[in-house]
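Down below is the structure, laid out as structure tokens.
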Amino acid sequence: MARHLITSAIPYINGIKHLGNLVGSQLPADLYARYLRARGHEVMFICATDEHGTPAELAAAKAGKPVADYCAEMHAVQKTLAEGFRLSFDHFGRSSSARNHALTQHFARRLAEHGLIAEVTEQQVYSPTDGRFLPDRYIVGTCPACGYANARGDQCENCTKQLEPRDLINPRSAISGATDLEVRTTRHLYLRQSLLRDRLRAWITSRTDWPVLSTSIALKWLDDGEGLQDRGITRDLTWGVPVQFPGAPWQGMEGKVFYVWFDAPIEYIAGTAEWADAHGLPDAAWRRWWRTDEGANDVRYTQFMGKDNVPFHTLSFPATILGSGEPWKLVDYIKSFNYLNYDGGQFSTSQGRGVFMDQALALLPADYWRWWLLSHAPETSDTEFTWENFQVSVNKDLADVLGNLVSRVTKFCRSKFGEAVPAGGEGGPREAGLAADLAARIRAYEGHLEAIEVRKAAAELRAIWVAGNEYLQAAAPWSVVKTDPDTAAAQTRLALNLIRLYAVLSRPFIPDAAETMMAALGCTDWTWPDDVPAALAILSPGHAFATPDVLFRKVTDEERADWQARFSGTRT
RNA sequence: GGGCCCGUAGCUCAACGGUCAGAGCGGGGCGCUCAUAACGCCUUGGCUGGGGGUUCGAAUCCCUCCGGGCCUACCA
């Protein structure tokens, strides 16, 4: 038994996430966590909401609510949706928690003590009308290169030219439209991560087993141009972790908070502390996951994230950890994902394009989405969601291959032997062959899950389901029963045990259906099939079962067309 | 502008520089009748984006062009 710490990139607070967000971190992290638990490992799976930053403040203002209230409400919404998708977090925390405030301030102080914090005075655009400093992209104006009227201060979306806010003609606030912008002097803390460049490079180049997506992005940031740049870690905002606090090694930082990307990854640690608090456990309970001097030496830490998050997890956060000089656990493996596109374009939270988590659950149960998303996870390149593909995949894999298998076996048994595992007969070469075939496939399935090869694992699981149908077709108990009832009974007994085996194996992907299968069999034995022949004999003669309802229904052409039309525009 | 990733069958994807480039879906045929008109078997289908090069051997390595995507440090 090993100990696994798993974190998913924490979803931003300003709204409900779409399926692309889900498949890019939380869902594959859940698959991995569920698999490792099934194998008997000790798992700590942490996620949270990322609640700070300008967009949260603006979203709250738009909703007409205090930002703290808005975040609390949206956290509750996201927590409910996570539960709806059966994301098995040990704790779903909040980056605004007291724990994260304390830890973020702790790390900042430690970094300062090691000479890794610089105070920098700089000029930034301020909008008196909005009462806030404006990030570059919140300043819009006419592009000096192409004349596009709504170019952003960081880049013109029309001609893709990189811009500075001062380049814009007739600049105005993207929030209020105000034009009375002024440049003000402000002072900020910078993380001197350039000083850690060599240590970071040594660490990253030693991670030879990471996906190329993870390492190539990190190396580019380390070596591009003048190399890794120092990074501002504070902002002039009100909602966040205060920079000025008792014991802070700097002065005059009132009214400033830490940058969201500084405090967000620290929430992985703080979220584990929140977990301990929620269970009334002492600090040692969470520190044994994070402090290598307090028991975390044998922990394997895996992070899941979309490719846009990679720089922060390979550079900024490790710089924080390394720079602290304290024995905090560094990540062992970073699994990063490309993007899921929607019907020829991108999913977009800001534009309301695509299918969002709440909408998806209103259409179909979580397992349908989990299966499609995981079996099509964008591991090597961006992947496209289309309704046709979704319909075909769900109907064929879930309804026909797995669901119908459960149905044909239980109904056949009910009609010929009654609703109990039949006695009599014994297996022969065909049954031994099936067990051997399944054993080989299960070992391959385990290998793919341990390597977090999500699509390959899904394909192998499907092949395992298919093997059941192949066996039934070859054994043909519906024919055998006419002349040799004992042999048919043995075949049926094996087939019923196959359902139990499939419930165990499928649970990481489709937890609800797995529970339904197991419940129908009146069984609670979720033991992982290390010994396949033994696993195929757990349900013994006389064990009663119930013929379940349709496990997965099919998506009709009418529904597909309806959904396609309904989700073709933007969310209102 | 710079960097990275991707381009393989109608579709979604596989293939440590090494048997004939493989699966699933779709198409065609056969079988079965227990089952959600479900299942199984067979079959169809590719100049691996174009062009050059390295090599005994290239989907794989190098160059170049074309197409798509992402990042480029103040959105997160």
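Letters A, B, ... are given to chains in the order of the sequence lines, protein chains preceding strands, and every chain is numbered from 1. Any value given below was found using the heavy atoms of this structure, including those in side chains, with hydrogens, waters and symmetry copies removed.
Distance, A:Glu453 CD to B:C16 P: 11 Å, rounded to whole Å. One atom, CG of A:Leu237, and another, P of B:C75, lie 12 Å apart when rounded to the nearest Å. If you take OH of A:Tyr471 and P of B:A35, they are 18 Å apart, rounded to a whole angstrom. Distance CG (A:Leu461) to C1' (B:G24): 14 Å, rounded to an integer number of Å. Nucleotide B:A35 holds its C1' atom 11 Å from the CG atom of A:Asp400, rounded to whole Å. Atom CG of A:Asn341 and atom C1' of B:G69 are 8 Å apart (whole Å). Between the CD atom of A:Gln229 and the P atom of B:G2 there is a distance of 19 Å, given to the nearest Å. Regarding A:Glu57, its CD atom lies at a distance of 15 Å from the P atom of B:C75, rounded to whole Å.
A:Tyr70 meets the ring-ring contact (aromatic ring centres under 6.0 Å, His included) test with no other residue; sequence neighbours excluded.
Counting any heavy atom pair closer than 4.0 Å across all strands shown, A:Asp308 reaches a base atom. Within 4.0 Å of A:Gln124, counting heavy atoms only, lies at least one base atom of the nucleic acid. Counting any heavy atom pair closer than 4.0 Å across all strands shown, A:Leu551 reaches a base atom. Across all strands, A:Asp136 comes closer than 4.0 Å to base atoms (heavy-atom distances). Using a 4.0 Å heavy-atom cutoff across all strands shown, A:Glu122 reaches at least one base atom of the nucleic acid. Among the atoms of the strands shown, only primed sugar atoms or phosphate atoms (P, OP1, OP2) are found under 4.0 Å from some heavy atom of A:Val392. Within the nucleic acid shown, A:Gly53 comes within 4.0 Å of sugar-phosphate atoms alone, with no base atom in reach, counting heavy atoms only.
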Let me have the donor-acceptor pairs involving side chains of residues 13-21 of chain A, under 3.5 Å, with sequence neighbours excluded, atom names and distances please.
unit_1	atom_1	unit_2	atom_2	d
A:Lys17	NZ	A:Tyr12	O	3.1
A:His18	ND1	A:Gly20	N	3.0
A:His18	ND1	A:Asn21	N	3.1
A:His18	ND1	A:Asn21	OD1	3.4
A:His18	NE2	A:Asn21	OD1	3.3
A:Asn21	OD1	A:His18	N	3.1

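Phosphate proximity of B:A73 to A:Tyr259: absent, as no side-chain N or O sits under 4.0 Å from OP1 or OP2. The side chain of A:Lys456 places an N or O atom within less than 4.0 Å of a non-bridging phosphate oxygen (OP1 or OP2) of B:A15. Applying the 4.0 Å criterion to OP1 and OP2 of B:C11, one finds that A:Lys396 has every side-chain N and O outside that range.
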* Asked: How would nucleotides 28-34 of chain B be written as a contact map, 5' to 3', with B for base contact, S for sugar-phosphate-only contact and - for no contact, using protein heavy atoms under 4.0 Å?
  -> ---BSSB
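Considering only side-chain atoms of A:Phe312, the nucleotide from B:C74, B:A76, B:U36 that sits closest is B:A76. Side-chain atoms of A:Arg231 lie closest to B:C74 of the nucleotides B:C71, B:C74, B:G40. Comparing B:C25, B:U12, B:A15 by their closest approach to the side chain of A:Thr383 singles out B:U12. With B:U36, B:G24, B:A76 as the candidates, the nucleotide lying closest to the side chain of A:Phe552 is B:U36. Closest to the side chain of A:Asn469, from the set B:G40, B:U12, B:U36, is B:G40. Picking from B:A76, B:A73, B:C39 the nucleotide with the shortest atom distance to the side chain of A:Gln193 gives B:A73. Of the candidate nucleotides B:U72, B:C74, B:C11, B:C74 has the atom nearest to the side chain of A:Arg235. Of the candidate nucleotides B:C25, B:A76, B:C71, B:A76 has the atom lying nearest to any side-chain atom of A:Pro55. With distances taken from any side-chain atom of A:Asn404 to the nucleotides B:C11, B:U36, B:A35, the minimum falls on B:A35. Out of B:G69, B:C25, B:U72, the shortest distance to the side chain of A:Lys307 is found at B:G69.
A gap of 13 Å separates the C1' atoms of B:C62 and B:G17, to the nearest Å. Taking atom P in both B:C6 and B:U43, one finds a spacing of 33 Å when rounded to whole Å. B:G69 sits 15 Å from B:C13 when the P atoms are compared, rounded to a whole Å. Remark: the separation of the C1' atoms in B:G22 and B:G46 is 11 Å, to the nearest Å. Nucleotides B:U19 and B:C32 have their C1' atoms positioned 36 Å apart, rounded to a whole Å. Nucleotides B:C75 and B:G24 place their C1' atoms 39 Å apart, quoted to the nearest Å. Rounded to whole Å, the separation between the C1' atoms of B:A59 and B:C16 comes to 14 Å. Comparing the same atom, P, in B:C11 and in B:G2 gives a spacing of 32 Å after rounding to whole Å.
Checked by distance alone, A:Glu470 brings no side-chain donor or acceptor within 3.5 Å of a matching partner on the base of B:C39.
In this structure, A:Arg493 contributes its side chain and A:Gly424 its backbone to a donor-acceptor pair below 3.5 Å. Using modelled atom types, one side-chain atom of A:Lys256 and one backbone atom of A:Arg187 make a donor-acceptor pair closer than 3.5 Å.
Defined by atom type and a distance below 3.5 Å, a donor-acceptor pair is missing between the side-chain atoms of A:Tyr471 and A:Gln491. Looking at A:Thr185 and A:Gln123, their side chains do bring a donor and an acceptor atom within 3.5 Å of each other. Under the 3.5 Å distance criterion, with hydrogens and angles disregarded, no donor-acceptor pair is assigned to the side chains of A:Ser95 and A:Asn100. There is no side-chain donor-acceptor pair under 3.5 Å between A:Asp397 and A:Trp465.
Residue pairs satisfying the salt bridge (charged side-chain N to carboxylate O under 4.0 Å, His left out) criterion with at least one member in residues 50-61 of chain A, sequence neighbours excluded, are listed as follows: A:Glu51-A:Arg94, A:Glu57-A:Arg132.
The distance from atom CG of A:Leu58 to atom NZ of A:Lys62, rounded to the nearest 0.5 Å, is 10.0 Å. Note that the CD atom of A:Gln26 and the CG atom of A:Leu81 stand 10.0 Å from one another [nearest 0.5 Å].
Surrounding CG of A:Asp549 are at most 12 heavy atoms belonging to other residues, nucleotides or ligands under 6.0 Å away. Counting non-hydrogen atoms of neighbouring residues, nucleotides and ligands closer than 6.0 angstrom, the CZ atom of A:Arg414 exceeds 12 such neighbours.
With A:Gln391 as the fixed residue, the side-chain hydrogen bond (donor to acceptor under 3.5 Å, both in side chains) test singles out one of A:Glu559, A:Lys554, A:Lys396, A:Arg560: A:Arg560.
Where RNA chain B pairs in unbroken runs of 3 or more (Watson-Crick or G-U, both distances under 3.5 Å), the stems are B:1-7 with B:66-72, B:10-13 with B:22-25, B:26-31 with B:39-44, B:49-53 with B:61-65.
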Atom pairs, N/O to N/O, protein against nucleotides 5-9 of chain B, distance under 3.5 Å?
none

